[in-house]
Amino acid sequence: MVVLITGGAGYIGSHTCVELLQAGYEIIVLDNYRNSHPESLKRVEQITGRGFKVYRGDLLDEKSIEKVFIENNIEAVIHFAGLKAVGESVQIPLMYYECNINGTIKLCNVMKKYNVKNLVFSSSATVYGVPERIPISEDAALEAQSPYGRTKQMIEEILRDLYVSDQEWSIALLRYFNPIGAHESGLIGEAPNGIPNNLMPYITQVAIGKLKVLNIFGNKYPTKDGTGVRDYIHVVDLAKGHLKALEKVSSATGVEAYNLGTGKGYSVLEIVEAFEKAANIKIPYRIVEPRKGDIAICYADPSKARRELGWTAEKEIEEMCMDSWRWQSRNPNGYVEDSIVLQ
Ligand code: NAD
Ligand code: UFG
């Protein structure tokens with residue numbers, strides 16, 4: 001099967017490319033490298049020993065999407081491409097709405113034109129907003145709290161409307177919890193631009209000495225130790241979830257949302273401790289004011305994905321920390337040239 005991967009050079013996309021290639025799929029990547037580097041795709045080739053076509057193009061340019069469909073016999077699409085920083089989305093909401101929503105509409109227009117109606121979409125647990133019940137199941141109310149989250153929520157609605165209009169579509173909405181970790185090779189991983197917003201890349205940058213101290217955003221939440229609790233999931237488990245979703249959309253029509261999480265919650269302090277143990281490095285931290293918009297506790301009920309996709313996350317927090325650290329320590333500057341440090 002030939003699968004188009006939008007945003008395939010990014011963090012989750014590159015790991016999914018590896019899993020797809022290893023499972024025998026033919027893949028084609030479309031990415032504008034706005035938040036990634038072509039080197040990640042070279043590393044995907046290195047890991048898998050398989051080549052694939054890459055198009056540099058923007059989803060906002062319908063012609064460049066169309067070129068990919070004209071030149072290839074695409075049968076399904078996994079759609080990662082988009083902007084993802086919650087804080088930035090508050091500063092530049094129009095760009096987020098334009099890129100995420102218009103980009104998806106243009107992609108779907110071209111898919112429809114070329115009669116490709118199997119789609120796996122990257123949604124996010126952020127669509128749940130402040131959850132009423134924990135663990136969160138897919139039927140919880142959707143109340144995204146940021147422009148970024150609202151783009152995901154709106155896209156989910158658009159895709160549901162698309163299915164209502166044409167029941168040949170088959171769409172999986174994958175609501176990711178908190179992806180961390182990296183491929184065990186240490187060749188691909190998360191390479192954020194500038195100072196990381198997310199916990200794990202911040203910790204790993206403190207560990208290599210790029211940042212001095214971890215700021216923990218609040219310790220008065222109603223949680224086991226007062227710090228925020230999240231459902232951290234290994235990015236390779238997450239990538240494998242896409243293969244299961246792809247099998248599902250290839251075998252039945254409809255539109256369904258699935259939580260991709262482990263079902264376990266870890267506090268910030270527990271993550272710090274797990275990382276210190278895995279890397280054998282002390283992480284200096286200080287408690288600062290809570291971050292605006294953060295919630296206390298968020299973890300998944302992943303049972304629908306288990307039941308309907310046959311997928312369960314397998315990797316534990318120790319492995320997530322070890323793999324994050326291997327990636328960061330071997331690539332202190334991410335994909336920037338000469339960044340591999342020989343050990
Ligand atoms: P990422 O930024 O590493 O990857 C996104 C990729 O899309 C990048 O390679 C970027 O260059 C590309 N891209 C962005 N806009 C594009 C456009 N207009 N045209 C073509 N390419 C474009 O992000 P990621 O962490 O791999 O996330 C992938 C998807 O999963 C995103 O849609 C994100 O919103 C969603 N998601 C991520 C997380 C997370 O914590 N990483 C959590 C929930 C959901
Ligand atoms: N945290 C810190 N210090 C930091 C960074 C984070 O204490 O420097 C804390 C946060 O307060 C939170 C936890 O660590 O309690 C996790 O924070 P992240 O920023 O890593 O992740 P979030 O849960 O806030 O958000 C992430 C993605 C969103 C996505 C959401 C749900 O950034 O895009 O998971 O999938 F929507």
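Every number for a ligand or one of its atoms is a count from 1 in the order of the listing.
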At what distance is the nearest protein heavy atom to [atom], and which residue and atom is it?
{"atom": "atom 28 (C) of ligand 2", "result": "Val86 CG2, 4.2 Å"}
{"atom": "atom 7 (O) of ligand 2", "result": "Phe217 N, 2.9 Å"}
{"atom": "atom 9 (C) of ligand 2", "result": "Val268 CG2, 3.7 Å"}
{"atom": "atom 37 (C) of ligand 1", "result": "Ile12 CD1, 3.7 Å"}
{"atom": "atom 24 (P) of ligand 1", "result": "Lys84 NZ, 3.8 Å"}
{"atom": "atom 19 (N) of ligand 1", "result": "Leu59 N, 3.0 Å"}

Closest non-hydrogen contact found for Leu41 with Phe52 is O-CZ, 3.7 Å
Where on [X] is there a heavy atom closer than 4.0 Å to ligand 2, on the side chain, on the backbone, on both, or on neither?
{"X": "Arg291", "answer": "side chain"}
{"X": "Val229", "answer": "neither"}
{"X": "Leu199", "answer": "both"}
{"X": "Asn215", "answer": "backbone"}
{"X": "Asn178", "answer": "side chain"}

Straight-line distance of Leu269 CG to Ile283 CD1, nearest 0.5 Å: 12.5 Å
Tell me the nearest of [options] to [atom], using heavy-atom distances.
{"atom": "atom 1 (P) of ligand 1", "options": "Leu238, Asn35, Ile155", "value": "Asn35"}
{"atom": "atom 12 (C) of ligand 2", "options": "Arg175, Arg230, Lys152", "value": "Arg230"}
{"atom": "atom 5 (C) of ligand 1", "options": "Ser36, Gly82, Gly13", "value": "Gly82"}
{"atom": "atom 29 (C) of ligand 1", "options": "Phe177, Phe80, Tyr96", "value": "Phe80"}
{"atom": "atom 38 (C) of ligand 1", "options": "Gly7, Ser124, Gly10, Pro179", "value": "Pro179"}
{"atom": "atom 15 (N) of ligand 1", "options": "Pro192, Pro38, Cys99, Ser122", "value": "Cys99"}
{"atom": "atom 35 (O) of ligand 2", "options": "Tyr232, Tyr202, Tyr176", "value": "Tyr176"}
{"atom": "atom 10 (C) of ligand 2", "options": "Asp294, Asp231, Asn219", "value": "Asp294"}
{"atom": "atom 16 (C) of ligand 1", "options": "Thr6, Asn32, Val127", "value": "Asn32"}

From the list Asp225, Asn219, Thr223, side chain to side chain donor-acceptor pair (under 3.5 Å) with Ser267 holds only for Asp225
Atoms in ligand 1 with a heavy atom of [X] nearer than 4.0 Å:
{"X": "Lys152", "value": "31 (C), 32 (O), 33 (C), 34 (O)"}
{"X": "Tyr33", "value": "11 (O)"}
{"X": "Ser123", "value": "43 (C), 44 (C)"}

Sort out for me which residue in Phe121, Tyr176, Tyr258 forms a ring pair (Phe, Tyr, Trp, His ring centres under 6.0 Å) with His242. Tyr176
Looking just at side-chain N and O atoms, do [X] and [Y] make a donor-acceptor pair shorter than 3.5 Å?
{"X": "Asn72", "Y": "Lys53", "result": "yes"}
{"X": "Thr104", "Y": "His79", "result": "yes"}
{"X": "Asn100", "Y": "Thr151", "result": "yes"}
{"X": "Asp323", "Y": "His234", "result": "yes"}
{"X": "Gln22", "Y": "Thr48", "result": "no"}
{"X": "Glu88", "Y": "Tyr148", "result": "no"}
{"X": "Tyr114", "Y": "Glu66", "result": "yes"}

Is there a side-chain contact (heavy atoms from CB on, under 4.5 Å) between Glu138 and Arg175 once you walk through the steps? CA-CA 9 Å; Glu138 288 83 353; Arg175 297 178 182 156; 4.0 Å; yes
Which of the atoms in ligand 2, numbered in the order shown and given with their element, are less than 4.0 Å from a heavy-atom of [X]?
{"X": "Asn197", "answer": "5 (C), 19 (O)"}
{"X": "Ile216", "answer": "7 (O)"}
{"X": "Ser124", "answer": "29 (C), 31 (C), 35 (O), 36 (F)"}

Polar proximity ligand 2 side, Phe177 side, N/O cut 3.5 Å exclusive: yes
Polar atom proximity, Ile295 to ligand 2 (N or O, under 3.5 Å): no
Tyr148: heavy atom below 4.0 Å from ligand 2, yes or no?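 Yes, Tyr148 has heavy atoms under 4.0 Å from ligand 2.
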Run the contact test for Arg175 against ligand 1 with a 4.0 Å cut-off on heavy atoms, strictly below, and give the result. no
Would you check whether Gly57 reaches within less than 4.0 Å of ligand 1, judged by its heavy atoms?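 Heavy atoms of Gly57 do come under 4.0 Å of ligand 1.
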